[in-house]
Protein chains: 2
Amino acid sequence: MAARKENSTYSRNEKNLVECDLTYAINKIGGRWKLQILSELESGKQRFGDLSKKFPFVTERMLTLQLRALEQDGLVKRTVYAEIPPRVEYALTEMAIELGPLLKQLSDWGSRHRHHILKVAAM
Amino acid sequence: MAARKENSTYSRNEKNLVECDLTYAINKIGGRWKLQILSELESGKQRFGDLSKKFPFVTERMLTLQLRALEQDGLVKRTVYAEIPPRVEYALTEMAIELGPLLKQLSDWGSRHRHHILKVAAM
DNA sequence: GCCATTACTTACATATTTGATAGTTCCCTA
DNA sequence: TAGGGAACTATCAAATATGTAAGTAATGGC
């Protein structure tokens, strides 16, 4: 989340993988709350405060950071209304909307196997 | 990757989300190299050394940790052959195989938008 | 004037993840 | 009998990610 030091092994590793589409994608969506936020925004644009209420366990700081990162990566559009008190709305971009089906499938996969495990554990 | 301290905010947050299928799924696949490893194993079982060669920028330690986590989560099956020198093979489980199409889509998505960005940047 | 509101930002402290490096084990081969 | 191979494990030191607490700005309502 913080700026990564040039030339740390961390960033060298990342550069090594820039050729891989999968890794490229993973880097864009691989933050602590990014997918959850995207999923939440699928139902339509929302204000910062709304999101914050939806994720009470995510600190404002974290929410801000994740939203900023998503914005940087072109997955979320941020609109500021010059009002007092301020109003800021977040919406998915086209690119992010395309991820919708994927999120659905991932969620379904989670659902399927979560239940499976519960069943097994009950035996 | 290391044991998480009980009751750290980190783990409290995680508990809060146990009800969400999406989050459940994300937690299983959200390691530094997990998806890449799964993707690599789609072509068939492979030995530790093979994987290590495929990912030269991933240290053995990291590879071990990621594989262990995947094993724990039931995504990878580990088979040890009692030979000298040792031989260990890793293969996807059913659950992981189901993720295949998803990985493909994610990769395609990455590919699509990577090129888009390159085009834009060139203008 | 004083407070509430909203969407942050800043500074500092912890927690967690990853890397670097060295060492282990056991047999087989030269 | 020294060395090599495979798949790790252990330990310590970075680096990164996240949490906590407090503060900011501008304005309308009291």
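In what follows, every chain begins at residue 1, and chains take the letters A, B, ... in the order their sequences are listed.
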Revision key, fill the gap. Rounding to the nearest 10°, end axes of the helix from C/dG1-D/dC30 to C/dA30-D/dT1 built from five pairs each make an angle of 20°
Practice item. Using a strict 4.0 Å threshold on nitrogen-to-oxygen distance, state whether B/Glu89 and B/Arg47 make a salt bridge. Key: no
Exercise for review: Identify whether the distance between the nearest side-chain nitrogen and carboxylate oxygen of A/Arg112 and B/Glu98 falls below 4.0 Å.
Suggested key: yes
Starting at [atom1] of [X] and ending at [atom2] of [N], how long is that distance when rounded to a whole Å?
X: B/Leu67; N: C/dT18; atom1: CG; atom2: P; result: 14 Å
X: A/Phe55; N: D/dT18; atom1: CZ; atom2: P; result: 15 Å
X: A/Tyr81; N: C/dC8; atom1: OH; atom2: P; result: 13 Å
X: B/Glu83; N: C/dT29; atom1: CD; atom2: P; result: 13 Å
X: B/Asn27; N: C/dT16; atom1: CG; atom2: P; result: 14 Å
X: A/Leu65; N: D/dT18; atom1: CG; atom2: P; result: 9 Å
X: B/Gln46; N: D/dA6; atom1: CD; atom2: P; result: 15 Å
X: A/Glu89; N: C/dC8; atom1: CD; atom2: P; result: 12 Å

Measure from the side-chain heavy atoms of [X] and tell me the nearest of [options].
X: A/Arg61; options: C/dG19, D/dC8, D/dT20; answer: D/dT20
X: B/Arg47; options: C/dC8, D/dA6, D/dG19; answer: D/dA6
X: B/Arg68; options: D/dC8, D/dT18, D/dT20; answer: D/dC8
X: B/Phe48; options: D/dC8, C/dC8, C/dT18; answer: D/dC8

Exercise for review: List the atom of B/Lys34, the atom of B/Gln66, and the distance in Å for their closest heavy-atom pair.
Suggested key: N-NE2, 3.3 Å
**Study point:** A/Thr64 side-chain N/O to C/dC8 phosphate OP1/OP2 under 4.0 Å
**Key:** no
Practice item. May I ask you to verify if any side-chain N or O of B/Arg78 is less than 4.0 angstrom from the OP1 or OP2 atom of D/dC8? Key: yes
Exercise for review: Run the numbers on B/Leu102 and B/Leu106 for side chain to side chain contact (heavy atoms under 4.5 Å, CB included), then give the verdict.
Suggested key: CA-CA 6 Å; B/Leu102 232 144; B/Leu106 189 54; 5.6 Å; no
Check your understanding: Quick one: do the A/Gln46 and A/Lys54 side chains pair a donor with an acceptor below 3.5 Å?
Key -> yes
Review point. Does the side chain of B/Glu60 come under 3.5 Å of the side chain of B/Ser52 through a donor N or O and an acceptor N or O?
Key: no
Review point. Do the two ring centres, one from B/Tyr24 and one from A/Trp109, sit under 6.0 Å apart?
Key: no
Review point. Less than 4.5 Å apart, any side-chain heavy atom of A/Val88 and any of A/Thr79?
Key: no
**Study point:** Shared hydrophobic cluster, A/Ile84 / A/Tyr81 (ILVMFWY, side-chain heavy atoms < 4.5 Å)
**Key:** no
Point to revise | Annotated protein contacts, base or backbone, on nucleotides 23-30 of chain D with a non-hydrogen cut-off under 4.0 Å, one of B, S, - each | key: ---BB---
